[in-house]
Amino acid sequence: MSEASGSKPVVAVVGATGAVGEVLLDILAQRNFPVGDLRPLASERSAGTSVTYRGKAYEVGLAEPNAFEGVDFVFFAATGALSKDLAPEAAKRGAVAIDKSSTWRMDPRVPLVVPEINPEALRGHEGIVACPNCTTIGFVMALEPIRRAAGLRRVIVTTMQAVSGAGRPGLDELENQTAAIARGDEPVVEAFPARIAQNVIPLCETFRDDGYSTEEVKLLFETRKIFDAPELDVTMTCTRVPVPIGHSASIFVETERPLSAEDARRALANFPGVTVVDDPGRKIFPTPHDVAGKDEVMVGRIRKDLNGDGLWLFQVADNLRKGAATNAVQIAETLLRQRG
Ligand SMILES: NC(=O)c1ccc[n+]([C@@H]2O[C@H](COP(=O)([O-])OP(=O)(O)OC[C@H]3O[C@@H](n4cnc5c(N)ncnc54)[C@H](OP(=O)(O)O)[C@@H]3O)[C@@H](O)[C@H]2O)c1
């Protein structure tokens, strides 16, 4: 650790003024992450303003290479282009860059980590560690207990993703469009490819030539990398829904070995970071509203396929917390533990 901070790490947060960055500061405090000194960073738009950490105001600096001198951990929660330029600069200066963008996720030199699932991938990192996509994290957390119990043969998933997955602009768009509709005005469409208020959009990010979206293929390839299962059969549709916080996924799983709904429920309930919320008799199921502001991944609607051996699950996770900031902080905690 840098000498200036005593034994506690110096932490920089790139994108500290954004949706994920703000939650990340809260989570560092809530989890009592040992912060020796904090450097919130952003673009020229916000440099000179302040953010609050543990009740104290910190001036926002400009995200540039020199800002990483003497820093131990740099959380990147800004843009992919910025992570591409600056994560190597942070690593060059001896910091570990923990990146929330998609830039480094599929780089074979960079571990892609969900600490409950593949912490061992962190060993031998070269200064950059990637956090999976917010949708992927909840999805793999629900699949891993089932994978361990019975193996995975095929997975079919439809996601219902909150507007905050597109950051502050996404949240603002839902709010502005809802207000416009209430006034009787035509909503302005900017952040998403169609109106999101009172609507569902079957496209997150952009379409590729093969008809899948860039978000959908992230889910496929990131899942394969995290599970170290390059052939895993996952097929998916990602949609955007008018929910502020909390991504949902309806998941159909075929396992390699038979697994009853009861055994799946038990495996899920025993897995760290997963909570089973599933009591059909009392109409108890997980919703994005329930999980917003929480770190756990909730799973319910666990039931056998009526036509065969597969299982259905409904999974929700807070995309800004476990889907982003919490997972990033857990990576830093794991690195500290591994260093002993
Ligand atoms: N939202 C989610 O659910 C989620 C989940 C997982 C991963 N992510 C990823 O996390 C990152 C941040 O997402 P977000 O949702 O928090 O976005 P956001 O709300 O739009 O915030 C973006 C942040 O990045 C900063 N920034 C933008 N351009 C910059 C530049 N050129 N130099 C320095 N700082 C710059 C902004 O600072 P200013 O105030 O200066 O503009 C702001 O702090 C993205 O890579 C995103 O893909 C998001």
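One-based numbering, in listed order, for ligands and for the atoms of each. All heavy atoms count here, side chains included; hydrogens, waters and symmetry mates do not.
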How close does the nearest protein non-hydrogen atom get to atom 30 (C) of ligand 1, and which residue and atom is it?
-> Ser43 CB, 3.6 Å

Give the atoms of ligand 1, by number and element, whose distance to some non-hydrogen atom of Asn319 is under 4.0 Å.
-> 3 (O), 5 (C)

Give the ring-plane orientation class for Phe33 versus Phe75, where under 30° counts as parallel, over 60° as perpendicular and anything between as tilted.
-> perpendicular

Asp85, Leu82, Val163: member with heavy atom nearest to atom 32 (N) of ligand 1 | Leu82

The option among Gly61, Ala42, Ala77 carrying the non-hydrogen atom nearest to atom 23 (C) of ligand 1 is Ala77

When you measure from the centre of the six-membered ring of Tyr58, is the NZ or CZ of Arg39 under 6.0 Å away and within 45° of the axis?
-> no

The atoms of ligand 1 lying under 4.0 Å from a heavy atom of Ser164, numbered in the order shown, are 1 (N), 2 (C), 3 (O)

Ala78, Ala47, Gly165: member with heavy atom nearest to atom 25 (C) of ligand 1 = Ala78

Ignoring hydrogens and angles, tell me if any N or O in the side chain of Glu296 forms a donor-acceptor pair with the backbone of Pro272 under 3.5 Å.
-> no

To the nearest 0.1 Å, how far is atom 43 (O) of ligand 1 from its closest protein heavy atom, and which atom is that?
-> Thr17 OG1, 2.6 Å

Do Ser50 and Glu59 have a side chain donor and acceptor closer than 3.5 Å?
-> no

Say whether Glu215 and Thr135, considering side chains only, have a donor N or O and an acceptor N or O under 3.5 Å apart.
-> yes

Atom 21 (O) of ligand 1 - nearest protein heavy atom and its distance = Gly18 CA, 3.2 Å

Looking at atom 4 (C) of ligand 1, what's its closest protein heavy atom, distance included?
-> Val20 CG2, 3.6 Å

Would one find an N or O of Ala19, backbone or side chain, under 3.5 Å from an N or O of ligand 1?
-> yes

Distance from atom 17 (O) of ligand 1 to nearest protein heavy atom, with residue and atom | Gly167 CA, 3.9 Å

Donor-acceptor contact below 3.5 Å, side chain Thr223 vs main chain Leu219 | yes

Give a yes-or-no answer on whether the side chains of Gln30 and Arg321 include a donor-acceptor pair shorter than 3.5 Å.
-> yes

Name the closest protein heavy atom to atom 9 (C) of ligand 1, giving the residue it belongs to and the distance to 0.1 Å.
-> Lys100 O, 3.5 Å

Under 3.5 Å donor-acceptor, Asp290 side chain and Pro286 backbone = no

What atoms in ligand 1 come closer than 4.0 Å to a heavy atom of Leu320?
-> 1 (N), 2 (C), 3 (O)

Test of proximity, Arg45 against ligand 1: N or O pairs below 3.5 Å | yes

Checking salt bridge (charged side-chain N to carboxylate O under 4.0 Å, His left out) for the pair Glu256/Arg153: CA distance, chi angles, key distance, verdict?
-> CA-CA 5 Å; Glu256 282 174 346; Arg153 195 167 65 205; over 6 Å; no

List the steps, then state whether side-chain hydrogen bond (donor to acceptor under 3.5 Å, both in side chains) holds for Asn133 with Ser102.
-> CA-CA 7 Å; Asn133 180 262; Ser102 57; over 6 Å; no

Which heavy atom of the protein is the closest neighbour of atom 38 (P) of ligand 1, given with residue, atom name and distance?
-> Ser46 OG, 3.3 Å

Answer yes or no: is there a donor N or O on one side and an acceptor on the other, between the side chain of Gln177 and the main chain of Ile196, under 3.5 Å?
-> yes

Looking only at protein heavy atoms, which one is nearest to atom 20 (O) of ligand 1, and how far off is it?
-> Pro169 CD, 3.6 Å

For ligand 1, which atoms sit closer than 4.0 Å to a heavy atom of Thr79?
-> 27 (C), 28 (N)

For Ala324, atoms of ligand 1 separated by under 4.0 Å from a heavy atom = 5 (C), 6 (C)

